[in-house]
Amino acid sequence: MDLKPTKPLSGFIELLPVQQRCFDYCTSRMMDVLRRSGYNRLDLPAIERAEVLTDKDNWDEIETQMFLFQKGDTKMGLRYDGTVGLSRYVAGHLNDLTFPLYTYQFARNYRGERPQRGRYREFWQMDIDILGLQSLSTNYDAEIVATLSKMYESISDIVGNVIIKIGNRKFWNAMFEYLGLSEDQSREAFVLIDKRDKISGFVDALTDVVGAQKANEIESVFQNGYRSFLNKTESLDSSISEMDEFINLLNSMGIKNAEIDVSIMRGHSYYTGIVYEFFSVNYPELPAVGGGGRYENLASKFSKTKIVGVGASVGVSRLLVALMEMAKIDLSRFENPVDVAVLVMGDNNVAYAMNIVSQLRDAGIVAIPYLDTDKKFKNQIEYADKIGARFAAIIGDDEVSKNQVALKNMENGNQETLSVADAIKTIKVK
RNA sequence: GCGGGUGUAGCUCAGUUGGUUAGAGCGUCGGUUUGUGGUACCGAAUGUCGCCAGUUCGAAUCUGGUCACCCGCCCCA
């Protein structure tokens with residue numbers, strides 16, 4: 001009989017126990033930040049109606065980008081980010097929610113695109129959003145960035161530091177208006193500016209779209225700074241001061257690793273204002289490890305009430321799994337989760353041993369029993385060694401008759417026979 | 001969808017200008033005191049050499065096709 005494949009599908013991730021412990025440690029630290037900050041956890045369905053996920057009606061085209069399928073007449077698909085489901089959720093529960101609403105989600109998302117390093121088809125994302133009705137001050141954008149920054153800070157001992165790059169879509173809208181670009185030209189210019197640091201002939205490519213003079217004006221934003229366009233038009237002025245005020249607010253919240261980079265655009269077209277991306281300082285070759293921005297109109301397809309959001313997400317898989325794959329994370333501190341391996345010799349001693357396991361666990365000690373009592377003792381102690389247990393508690397006929405345990409320190413090999421209470425004391429002294 | 005690369009043991013990979021029974025390290029299992037691990041020593045198991053066809057007396061090796069994976073592009077609503 002042919003054996004079936006053991007590898008998961010391409011682009012899907014599974015971790016070894018030590019990696020998973022690191023992953024869980026990091027995500028729980030980040031969620032601690034969110035809980036302390038008062039955000040509400042939402043756990044939304046992984047599957048949505050296809051019409052919720054996309055406005056496009058070209059099934060073939062979107063099928064290449066999303067996981068879509070059909071049951072009966074219902075077309076549905078796996079969510080590709082947290083924002084769409086959140087918009088639907090908020091629009092559907094307007095009467096039960098209080099705004100501004102602070103939310104977070106920690107969930108798997110799915111994309112059908114071809115996988116690459118740091119780009120998976122199934123990945124964890126931590127989304128944080130603040131939603132308001134009718135309007136939401138720019139101060140909330142800063143709150144989101146500051147909270148995101150704290151989340152990264154909470155795991156900086158594992159993954160290093162991040163830098164925050166902040167852009168503003170309003171700036172470019174004002175700029176294109178000032179330059180008199182058509183809608184098509186604006187759209188193409190958006191894409192080019194977004195890719196500015198990736199492509200070689202930026203000005204040439206831009207010249208093809210908008211002509212040499214305007215291309216040079218756009219390039220001068222990068223050469224002379226965005227502030228050189230002050231006092232041109234009212235909307236330019238306001239978008240520029242919006243960025244400056246934003247940075248000042250972040251500074252006053254203790255965020256020092258943020259800078260304006262007007263080439264930051266973000267792919268999602270629903271963003272309308274301030275946008276930002278987070279990059280790893282130590283591993284700049286990694287794509288953005290998080291980002292977000294403001295979306296004024298996303299829920300318009302679900303509700304006539306205007307719902308405004310500012311939100312961001314941490315690409316948890318990209319950040320952690322990609323770094324683990326590149327062997328950039330020191331996993332040694334996650335290697336020894338077990339305090340005591342309880343080894344049992346003889347089936348007739350199992351009850352006594354399990355009682356001790358229970359006492360150890362009640363005392364807050366991580367204890368696991370080795371219950372194949374017919375295995376040779378050598379195998380048992382080897383197991384204790386391999387799982388990195390700090391101690392082995394050995395239980396055979398002698399120990400049971402004396403109502404004690406033989407406690408062996410696996411690091412130095414010292415062994416003594418103790419009462420359970422004394423064993424607990426010894427184990428607890430780290 | 002496009003371009004490039006790689007497919008040999010559970011894993012990482014060797015494998016000479018095509019030549020007999022296919023190799024190493026690590027891991028696994030067993031043994032070197034049946035109540036004592038890490039180190040050391042001895043031994044064992046495991047491969048349709050990704051798949052199909054072709055060239056050849058002979059293919060892991062050369063050619064074509066195909067599939068899978070990796071890297072990059074497109075895309076990122």
Side-chain angles (χ1 to χ4, degrees), chain A residues 1-12 16 48 50-68 77-81 83-85 87 109-121 123 125 187 190-191 194-195 198-200 265-271 275 277 285 287-288 291 295 297-298 301 313 315 318 322 325-327 335-336 341 343-346 349 370 373-401 405-417:
Chain A
M1 191 178 69
D2 281 349
L3 298 174
K4 296 187 175 176
T6 58
K7 279 190 181 162
L9 285 167
S10 166
F12 288 74
L16 293 170
E48 295 277 359
E51 61 185 310
V52 168
L53 293 174
T54 178
D55 296 326
K56 294 180 185 171
D57 45 15
N58 186 342
W59 181 264
D60 289 338
E61 187 194 332
I62 57 182
E63 203 179 11
T64 64
Q65 296 163 34
M66 286 184 223
F67 285 97
L68 293 169
L78 295 168
R79 64 176 166 219
Y80 50 82
D81 73 11
T83 311
V84 172
S87 304
N109 291 297
Y110 299 84
R111 296 193 188 179
E113 60 196 331
R114 205 176 283 270
Q116 293 167 35
R117 185 200 309 160
R119 310 183 73 173
Y120 308 101
R121 296 206 282 186
F123 53 95
Q125 237 173 259
R187 195 174 328 108
F190 255 118
V191 174
D194 189 30
K195 293 183 178 167
K198 285 171 76 177
I199 58 180
S200 45
M265 290 289 194
R266 309 272 305 147
H268 295 279
S269 65
Y270 53 66
Y271 289 116
V275 290
E277 293 189 341
E285 67 269 29
Y295 41 96
N297 309 309
L298 190 65
K301 64 180 176 183
S313 62
R318 173 171 287 179
E325 280 173 356
M326 295 190 286
E335 264 162 16
N336 306 329
L343 312 181
V344 192
M345 278 175 292
N349 297 324
Y370 190 98
T373 57
D374 54 333
K375 289 275 187 190
K376 281 186 217 152
F377 188 68
K378 180 189 167 83
N379 295 111
Q380 301 208 22
I381 196 113
E382 249 170 27
Y383 177 75
D385 181 41
K386 283 186 185 174
I387 63 171
R390 292 166 48 230
F391 291 92
I394 300 158
I395 292 161
D397 296 339
D398 297 349
E399 287 76 18
V400 173
S401 66
V405 296
L407 191 67
K408 174 165 182 156
N409 181 321
M410 293 299 286
E411 212 169 301
N412 57 27
N414 294 340
Q415 180 171 330
E416 47 188 343
T417 303

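Each chain gets a letter, A, B and so on, in the order its sequence line appears, and its residues count up from 1.
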Below 4.0 Å: OP1/OP2 of B:U28 and any side-chain N or O of A:Lys386: yes
side-chain contact (heavy atoms from CB on, under 4.5 Å) between A:Gln415 and A:Ile394, intermediate numbers included: CA-CA 10 Å; A:Gln415 180 171 330; A:Ile394 300 158; 4.0 Å; yes
B:U28 pairs with, by Watson-Crick or G-U criteria that keep both distances under 3.5 Å: B:A44
Counter-base of B:C49, judged by Watson-Crick or G-U geometry with both distances under 3.5 Å: none
Verdict with supporting geometry, A:Tyr383 and A:Lys375, side-chain contact (heavy atoms from CB on, under 4.5 Å): CA-CA 11 Å; A:Tyr383 177 75; A:Lys375 289 275 187 190; over 6 Å; no
Partner nucleotide, any strand, of B:A60 [Watson-Crick/G-U, under 3.5 Å]: none
Contact nearer the 5' end of RNA chain B, comparing A:Pro115 with A:Lys375: A:Lys375
For B:C69, the Watson-Crick or wobble partner whose two distances fall under 3.5 Å: B:G5
Residue-phosphate contact under 4.0 Å: A:Lys301 side-chain N/O, B:A77 OP1/OP2: no
N/O donor-acceptor pair, side chain A:Gln415 with base B:U36, under 3.5 angstrom: yes
B:U21 - base-pair partner by Watson-Crick or wobble geometry, distances under 3.5 Å: none
Spacing of the C1' atoms in B:A14 and B:C51 (rounded, Å): 23 Å
Atom-pair distance (CD on A:Gln380; C1' on B:G35), nearest Å: 10 Å
Side-chain-base donor-acceptor pair under 3.5 Å for A:Glu399 and B:G35: yes
C1' spacing across the pair B:A24 / B:U8, given as an integer number of angstrom: 13 Å
Steps toward side-chain contact (heavy atoms from CB on, under 4.5 Å) verdict (A:Met410, A:Asp385): CA-CA 7 Å; A:Met410 293 299 286; A:Asp385 181 41; 4.0 Å; yes
Heavy-atom donor-acceptor pair, A:Lys301 side chain to A:Val52 backbone, under 3.5 Å: yes
Gap between atoms CG and C1', on A:Leu407 and B:G37 respectively (whole Å): 15 Å
B:C75 - base-pair partner by Watson-Crick or wobble geometry, distances under 3.5 Å: none
Sugar-phosphate only, base, or nothing, as touched by A:Lys376 at under 4.0 Å among non-hydrogen atoms: sugar-phosphate
hbond_proxy A:Lys408 side chain to B:U36 base (donor-acceptor, 3.5 Å cutoff): yes
Short side-chain N/O contact to B:C70 OP1/OP2 from A:Ser10, under 4.0 Å: yes
A:Lys195 side chain near B:C75 phosphate (N/O to OP1/OP2, under 4.0 Å): yes
Sugar-phosphate only, base, or nothing, as touched by A:Ile394 at under 4.0 Å among non-hydrogen atoms: base
Sugar-phosphate, base or nothing in reach of A:Asp397, heavy atoms under 4.0 Å: base
Parallel, tilted or perpendicular: rings of A:Tyr110 and A:Phe67 (30°, 60°): perpendicular
From CZ (A:Arg79) to CE (A:Met66), nearest 0.5 Å: 14.0 Å
